[in-house]
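What follows is a set of notes on a single structure, which appears directly below.
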Protein chains: 4
Amino acid sequence: MKVAILAATGSVGQRFVQLLEGHPWFEVSVLAASERSVGKKYSEACHWLLDTPMPDKVKDIVVVDCKPENMGGAGFVFSCLPGELAGPVEEEMAKAGYPVISKASGNRLKEDVPLIVSEVNSEHLGLIEVQRKKYGRKGFISTDPNCSTAPLVMCLKPLMKYGIKRVHVATMQALSGAGYLGVASMDAVGNVVPYIGGEEEKIETEALKMLGTLKGGKVENAPIVVSASCNRVPVIDGHTESVFVEFAQDVSVEQILKEWEAFEGEPQKLKLPSAHKAIVYRTEPNRPQPRLDVMEGKGMSTVVGRLRKDGPNRIKFTCLSHNTIRGAAGNGILHAELLKAKGVLG
Amino acid sequence: MKVAILAATGSVGQRFVQLLEGHPWFEVSVLAASERSVGKKYSEACHWLLDTPMPDKVKDIVVVDCKPENMGGAGFVFSCLPGELAGPVEEEMAKAGYPVISKASGNRLKEDVPLIVSEVNSEHLGLIEVQRKKYGRKGFISTDPNCSTAPLVMCLKPLMKYGIKRVHVATMQALSGAGYLGVASMDAVGNVVPYIGGEEEKIETEALKMLGTLKGGKVENAPIVVSASCNRVPVIDGHTESVFVEFAQDVSVEQILKEWEAFEGEPQKLKLPSAHKAIVYRTEPNRPQPRLDVMEGKGMSTVVGRLRKDGPNRIKFTCLSHNTIRGAAGNGILHAELLKAKGVLG
Amino acid sequence: MKVAILAATGSVGQRFVQLLEGHPWFEVSVLAASERSVGKKYSEACHWLLDTPMPDKVKDIVVVDCKPENMGGAGFVFSCLPGELAGPVEEEMAKAGYPVISKASGNRLKEDVPLIVSEVNSEHLGLIEVQRKKYGRKGFISTDPNCSTAPLVMCLKPLMKYGIKRVHVATMQALSGAGYLGVASMDAVGNVVPYIGGEEEKIETEALKMLGTLKGGKVENAPIVVSASCNRVPVIDGHTESVFVEFAQDVSVEQILKEWEAFEGEPQKLKLPSAHKAIVYRTEPNRPQPRLDVMEGKGMSTVVGRLRKDGPNRIKFTCLSHNTIRGAAGNGILHAELLKAKGVLG
Amino acid sequence: MKVAILAATGSVGQRFVQLLEGHPWFEVSVLAASERSVGKKYSEACHWLLDTPMPDKVKDIVVVDCKPENMGGAGFVFSCLPGELAGPVEEEMAKAGYPVISKASGNRLKEDVPLIVSEVNSEHLGLIEVQRKKYGRKGFISTDPNCSTAPLVMCLKPLMKYGIKRVHVATMQALSGAGYLGVASMDAVGNVVPYIGGEEEKIETEALKMLGTLKGGKVENAPIVVSASCNRVPVIDGHTESVFVEFAQDVSVEQILKEWEAFEGEPQKLKLPSAHKAIVYRTEPNRPQPRLDVMEGKGMSTVVGRLRKDGPNRIKFTCLSHNTIRGAAGNGILHAELLKAKGVLG
């Protein structure tokens, strides 16, 4: 199945191109970007920033404008468009009949748009049918969450049965999450910046939707409170999070470890090409660490450690996830594989 | 007044030497260290690691053993001894009549030993009289807290009147806190280590004592719960902390800002030489940052930012403090100045 | 004497403002910048990036346009304008009668413009008289070198008597040299970038002029060859350089150490306010290091170490210098002090 | 063929274990280490520090003492012993009939011991026959060079025909080269250390031997002078080197690029499993960079860039190589493959 990528020259776009090299089901056939790049070969338009070489197959693809008529025979479209642009462009694509799997934040909280971590809430894909009916079209928009929300909901999902009431999370986020020019080196070397614009709000709202329940064509938010404090640290890839959870009841460390160990979602059951163990728990006291653990499960696993009781009804732990793989391109590809496996892509 | 420093060649000992250069009241006269250094000049025994030159006055001081008979005419003793050693050596010094101001953790939680951040709980110095009576000696031990506890209690103290119930704190701590050989560079560069041995326990217990009340010759712990998750980040100096606070009642951002702005302790009232503004609030959204703010108030101020409501009865904020100045040597010197000003050192 | 600063909101401009706080001779009275900042108070126009607070005295100065009529009663002008803009603006200032001390690269190699490290080639200030006569005006332009050239010529100057033939230098330059937005954090953390645009050419030409001889109103370049290879490393402040020197004759390590120890220029002889020991030699095998040595002599000294023979007629060594103090604002201020002391500023 | 690794728990030993996973010819069967580890399973004895998981096959191997009687049926032995220990232990192994491929520095310069980068001087393996005859035994010692020497000789070898006279090289070396505990984080973060003990001497002597000629059972050193200045920079993996070369004749950039492009050695001709393109030239002005290029050719290629003329008869360039792969374990494995392919291992 042929695939188009919007904003293909950016840092998330590059990850899509990298991860789709040699993919058993999908083949990159259309690379779209902004005017500056249109008409150039991808190898010329793109300032490649990954530590593996640009795949030969894409080098000569001529970059096109982000318009439906340029999508060729693509079976669907990955969108990595920046927030402001994403809305109208993705809407146009959907109108023109294309399934759009979007990393953009603009549509994530729309009532009829799924917001998906495939292991966590694949049943929310039911919203696609809602969209199709509502607008009378084959195309649709389905979204991926913010990179720091993904590992959090992965850890919380298997614990929902114990009645999560409140979550405090302090993040230590990698530089790549801000894009190549996102953080100045003077702010990064030997420093911590205790602020990432819009990030806390995303975690605090997106988590509730993803942990919510699809009922009558709508997602009802999970009745929990999430409070985030986000920090940028001098790490290239890998968001680390210190998490504190309050439950409605007491729950032991052993119960939680069992839940995490047993946790798998549709991707694992369907043995999707990009499915890896969802949660990998490290027992060493000083793990997970970005340098050592970020590539666990080819960057798709959430690595967890330091689970400990925090008084009655409470626990705390640390989790880590690759922000441009699990938190972006890898999540999108798994999302697409799931749609394909379930026959939603046609 | 002449001053002795125990473990003077270590990283905290060096800070004491640096900060005492040109001090108006105190003069370094005795430098004690382990056997390896005894008999050498300080300039030869000490692998100086600070970015200002070793003061000329101390270069030729011959390092002595940590024994009372070597303390010369010192009016009191700063101890930076490591935990295991500190107990017996400090006890000997006190027995021999020396006031000991100790950075070591071993004695901090003892019933009759003050644990002091001078702005926060100077009234706890009343325990010194308890000690003197109990043991019938002039010498005593008074202690400084862990480097990550100091900024936390500074921020919380002026808010105690609103009924603090629970505090969650995730720390991002500097490398210097672990000493010169404490963290391997392979673990530090581009990485986060989500664990610091013993640190969380220290924060969770010391804060309660310092925020507690001296009654009938004893400190009654504050009736609050503190839960910490400690991380090491690649920063040289400056611990940053994401703090979440739950109160018994609602409290506005404006009220808290007023409390912090107005907050001063005995050091400020007495205009002690090392007293600076206790809490400096930065209104920029992305502050405090270690690189820019750690030297605020010559490293003695706690820099706070990002105060925001976190639902009813709750707030969150970020604070920063210099871990080897406010969190160690600077806190000890202010502690000594306070004792001197109150006539406790004689 | 009142002083104006052009491009006062940039990173070098900020250093000027910082270093001139409390200066015994000079007082910042005019702050000029680009249109975006004009009309705003300096405290509002400037994104202050230094680790000491913005001086109170400048906070309320209203930023003006870089035009001669706005220079008020300034006795001279410091220019930190970017290369392209510097030429015409500085020319206008000189025409209007202002002495301009410029950090910009555009005028450095002009025949009648001095390029000054005050300890190295103060006699080149004779070119000012040449300018004044040639153009019949009181105003003039005198320039400061590139930040990585300054320490190199400082080390080489006292060795010129041994007949330097060829110099190879590999630099490891700090991030602040590129300005706040100059290097992306993704390129800086855990990385080396082996290229700095235009830097090698600057070192290779500027050094020859500064080590050259003023004869008949012209500077004759020193008859040496300098070859540079420039690298960016993850250091905030401080350029480190590995230097290899070939002489026309043999010269011993002892001779060189003597020359460096004895080296002083007019600033030291005149006891100028910003004069510090020109060259500080560290005997430890692993020095100089940016973290420990960059502030030597308040950032004005060049710190040297690791001097060793490199076969007959050859030596090698390592030097370090603060790139935004000695390599920029500090050099400019010393330059101005020298002009003032010699009566050139009137 | 079964393989033993001496000092298997150290950082180079771990790389051998990692790189030998799934090797088509070799299988790790014996893991030897110091007394502390003997008797424990490898998974318990080894503090694994690589970012891929420990291979399952080695986890349960019980660590043995570094004695010949423990080498089981190993066809040969990789030694990563530290300098002081390596000499006698490797000698014992050779006496007992084992071929030893050693990363240790102690034997590198011995007259009858090959020092090998397989693409550069495979003919020096002829010394093995010299050893066998001299000592009348099947076992032998063959060595790998220092990690910063390997990329240098790779770049210089194809240029020897132009009459290299003198080489100046300034290195910027990664932290992993010093081992896990080799560099304190306080010296690494935001810093450069301009010294690595013994490193410069190794480069200056080893390069001459490797570029020398085997004649009459001896290696005659190349008649060139190499001068090194070594620096430690905050990079995890990858040594970057600024190289200046003086030739006996003029040589153009085009000629050199042709030589590098065409360069291949026996490993490439024999299509050995670990052979990759020896030299990869990057044309971008700001490459090679450790973050982006260190894994080129699975860490076995030397990545070169910035070639430019440096006056008549001179050039300069930058090269990069993975110090624990090409500079250590990978070089050793290729070395072993070459010996196997040539029938030297029996």
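Numbers restart at 1 for each chain; the letters A, B, ... are given by sequence-line order, proteins then strands.
- Interface check for chain D: of the options C:Asp187, C:Asp310, C:Val192, the most heavy-atom pairs under 4.5 Å are formed by C:Val192.
- Heavy atoms of C:Arg287 lying under 4.5 Å from chain D belong exclusively to its backbone.
- Taking chain D as the reference chain and counting heavy-atom pairs below 4.5 Å, the highest number among C:Gly238, C:Ala228, C:Gly305, C:Cys230 is found for C:Ala228.
- Closest of all the heavy-atom pairs between D:Ser229 and C:Phe244 is CB-CZ, 3.7 Å.
- Using a 4.5 Å cut-off between heavy atoms, D:Val233 touches chain C through its side chain atoms alone.
- Neither side chain, D:Asn231 nor C:Thr240, offers a donor N or O lying under 3.5 Å from an acceptor on the other.
- Between the D:Asn286 side chain and the C:Val193 main chain, no donor and acceptor come within less than 3.5 Å of each other.
- Note: D:Gln289 leads D:Gln289, D:Arg232, D:Met172 in heavy-atom pairs under 4.5 Å with chain C.
- Of all the listed residues (C:Val225, C:Asn191, C:Leu175), the one sharing the greatest number of non-hydrogen pairs under 4.5 Å with chain D is C:Asn191.
- Crowding of C:Glu201 atom CD: a count of heavy atoms from other residues, nucleotides or ligands under 6.0 Å exceeding 12.
- Within 6.0 Å of NZ in C:Lys309 there are more than 12 heavy atoms belonging to other residues, nucleotides or ligands.
- Only the side chain of D:Arg308 comes within less than 4.5 Å of a heavy atom of chain C; its backbone N, CA, C and O stay farther away.
- Looking at D:Glu284, neither its backbone nor its side chain comes within 4.5 Å of chain C, counting heavy atoms on both sides.
- Both the backbone and the side chain of D:Ser227 come within contact range of chain C, with heavy atoms under 4.5 Å apart.
- Annotation: maximal heavy-atom pairing with chain D below 4.5 Å, among C:Pro285, C:Ala188, C:Pro194, occurs at C:Pro194.
- Listed options C:Arg306, C:Lys316, C:Glu204, C:Met186 were ranked by heavy-atom pairs under 4.5 angstrom with chain D; first place goes to C:Arg306.
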Side-chain donor-acceptor contacts of residues 158-170 of chain D below 3.5 Å, not counting sequence neighbours, with atom names and distances?
from	atom 1	to	atom 2	distance (Å)
D:Lys161	NZ	D:Glu259	OE1	2.9
D:Lys161	NZ	D:Glu259	OE2	3.1
D:Tyr162	OH	D:Glu259	OE2	2.6

